[in-house]
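Worksheet: the structure to be examined is printed underneath.
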Amino acid sequence: MEQIKDYIATHKDRFLSELVELLKIPSISADTAFSQDVLETAKAVEKSLIDAGCENTEICETKGYPVVYGDKIIDPDLPTILVYGHYDVQPPDPMELWESPPFEPVIKKTELHPDGAIFARGACDDKGQMFMHVKAVEFMIKNDQLPCNVKFMIEGEEEVGSDSLADFLEDHKEKLSNDIILISDTGMMANDVPSITTGLRGLSYVEVEVTGPNRDLHSGIYGGAVPNPINVLNKMIASLHDENNHITIPGFYDKVEKVSDEERAEMAKAPFSLDAYKKALDIADVQGEKGYTTAERYSIRPTLDVNGIWGGYTGEGAKTVIASKAYAKISMRLVPDQDPEEITELFTKHFESIAPKSVKIKVTPHHGGLPYVTKTDSVGYKAAAKAYQATFGKTPIPERTGGSIPIVALFEQVLESKTILMGFGLDSDAIHSPNEHFGVWNYLKGIETIPYFYKYYTEMTS
Ligand code: BES
Ligand code: MN
Ligand code: MN
């Protein structure tokens, strides 16, 4: 397995240029104007699997964008690892904040990435991290080092909620059967602090519409005498947190699993600098639920956040108007054992109940997803920890993250498999933001570490 270092040294430039080519295609799943690009990316991913030595590759139709499949089955009696990733990306806007165009990748040095980082939409989330697996498998196949079977399942609508995936899993249970699922679509604490993600938050996402008068009104003639939906919406939203930043929706916390004091003490040992955190975000202070640390607030506690709010006049200058309608998009990040459908229902009931009689309310649910946690005493976790030990020379720290990958809970329900989340990105890599990037060192370290997981997992299970 030591050969992997030499293989990377020899093929490093090609590994980078192949990723750069993939990053040039704007596979934005949220915007139908890019549907051809999304499909083209699926084809490019399939070709990369073929080039790596995979067999049975296929672009599998779904109700939405296709899933790219490919495998290498060397012996049905050996364990099978299913690699999941996504080839779609978030929209790049706001465009004017990018220092270089989002789909024209460039490599630049940064403070945290002295060896350079690839700047492009999708560099870290998730084309770069997904492609580490393709290159790691290429190494293993071409050098006769593949110790077990591997299947790839790379989807194209993760960033819009993986709507077609539940059916896809049900319809292809046999094809996707596996012993363990491996995903790189999260992060790690720092380049010298490797960590393994042991938890993801769930998600409930709603859009609300508040309607006041039946048309926009002159704010002088009518102002003060009629409900202003923007004022009303803001007051309603403000009331969703109390003075301790607890969420006020009745029943919201009922199913939140209590994290033991031991586990919280364990979490508190992980390196975390509040000063560095504030400095990196240019905020004078943090804010969150009373009684919890910052690291707890973004990992083991549920949240409610307005993601967008609009209505009325927002153009140049001043227009004196009372809008007829106001809107907001609201996300709630969930933790075990909260259920997204139940939470959406609780939200809707509560939101309707706090609305003054003077306005009409409409709540539209968007996609959701279940939270996920995994234990550190499983074979999969232990094999992953050993792999990090081999390439970082350090024992990784288990870490629950705040983001969501809804498919992970579905994998457990439908395929009855556990997932190992080996992320190599950093929180500062600006995923979903302008100037997203992925460290060259991180990319290559991922390629180096992945084959060790295959080796140790196979050894520990046979
Ligand atoms: N890769 C992210 C999730 C992630 C990133 C988890 C970093 C942990 C650390 C994924 O692509 C994503 O953005 N998920 C969405 C949810 C989805 C339903 C749109 C999210 O978390 O907002
Ligand atoms: Mn992702
Ligand atoms: Mn994402």
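Whatever order the structure lists them in is the order used to number ligands and atoms, beginning at 1. These numbers come from a predicted model, not from an experiment.
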Below 3.5 Å, N or O to N or O, backbone or side chain included: is there any such pair between Ser404 and ligand 1?
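Between Ser404 and ligand 1 (N or O atoms, distance only) the closest approach is under 3.5 Å.
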Give the residue and atom name of whichever protein heavy atom lies nearest to atom 18 (C) of ligand 1, and the separation in Å to one decimal.
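It is Pro406 CG, 3.7 Å.
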Could you find the nearest protein heavy atom to atom 11 (O) of ligand 1 and give me its residue, atom name and distance?
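The closest heavy atom on the protein side is Glu158 OE1, 2.7 Å.
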Using a strict threshold of under 4.0 Å (side-chain N to carboxylate O), is an ion pair present between [Y] and [X]?
{"X": "Lys47", "Y": "Glu21", "value": "no"}
{"X": "Glu40", "Y": "Lys43", "value": "no"}
{"X": "Arg301", "Y": "Glu296", "value": "no"}
{"X": "Glu159", "Y": "Arg121", "value": "no"}
{"X": "Lys24", "Y": "Glu104", "value": "no"}

Tyr372/Phe411 aromatic ring centres below 6.0 Å:
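No, the ring of Tyr372 stays outside the 6.0 Å limit from the ring of Phe411, centre to centre.
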Looking only at the aromatic ring of each residue, does the gap between the centers of Tyr205 and Phe347 stay below 6.0 angstrom?
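Ring centroids of Phe347 and Tyr205 are no less than 6.0 Å from each other.
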Side chain, backbone, both or neither: which part of Ser331 comes within less than 4.0 Å of ligand 1 when only heavy atoms are counted?
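Answer for Ser331: neither.
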At a 4.0 Å cut-off, with the gap strictly under it, does some heavy atom of [X] reach an atom of ligand 1?
{"X": "Ile431", "answer": "yes"}
{"X": "Gly369", "answer": "no"}
{"X": "Asp126", "answer": "no"}

Would you check if the side chain of Lys72 reaches a backbone N or O of Ile141 as a donor-acceptor pair within less than 3.5 Å?
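Checked: no pair found.
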Cation over ring, Lys445 on Phe424, under 6.0 Å and within 45°?
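The answer is no; the distance or angle limit is not met.
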Assess Asp126: does it contribute an N, O or S atom lying under 2.8 Å from the Mn ion (ligand 3)?
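Under 2.8 Å: Asp126 has no N, O or S contact with the Mn ion (ligand 3).
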Any N/O/S of His86 under 2.8 Å from the Mn ion (ligand 3)?
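So His86 does not bind the Mn ion (ligand 3) by this criterion.
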Enumerated ligand 1 atoms positioned under 4.0 Å from heavy atoms of [X]:
{"X": "Asp185", "result": "1 (N), 2 (C), 3 (C), 4 (C), 5 (C), 6 (C), 10 (C), 11 (O)"}
{"X": "Gly403", "result": "6 (C), 8 (C), 21 (O)"}
{"X": "Thr401", "result": "8 (C), 9 (C)"}
{"X": "His86", "result": "11 (O)"}

Which angle, to the nearest 10 degrees, do you find at the Mn ion (ligand 2) between OD1 in Asp185 and OD1 in Asp125?
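Answer comes to 90°, rounded to 10°.
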Of all N/O/S atoms in Glu159, which lies nearest to the Mn ion (ligand 3)?
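The Glu159 atom nearest to the Mn ion (ligand 3), restricting to N, O or S, is OE2.
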Which pair of non-hydrogen atoms, one from Val89 and one from Gly122, has the smallest distance, and what is that distance?
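Of all heavy-atom pairs spanning Val89 and Gly122, the closest is CG1-CA, 3.6 Å.
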Closest to atom 20 (C) of ligand 1 among His366, Arg333, His432, Arg400 (heavy-atom distance):
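The residue whose heavy atom sits nearest atom 20 (C) of ligand 1 is Arg333.
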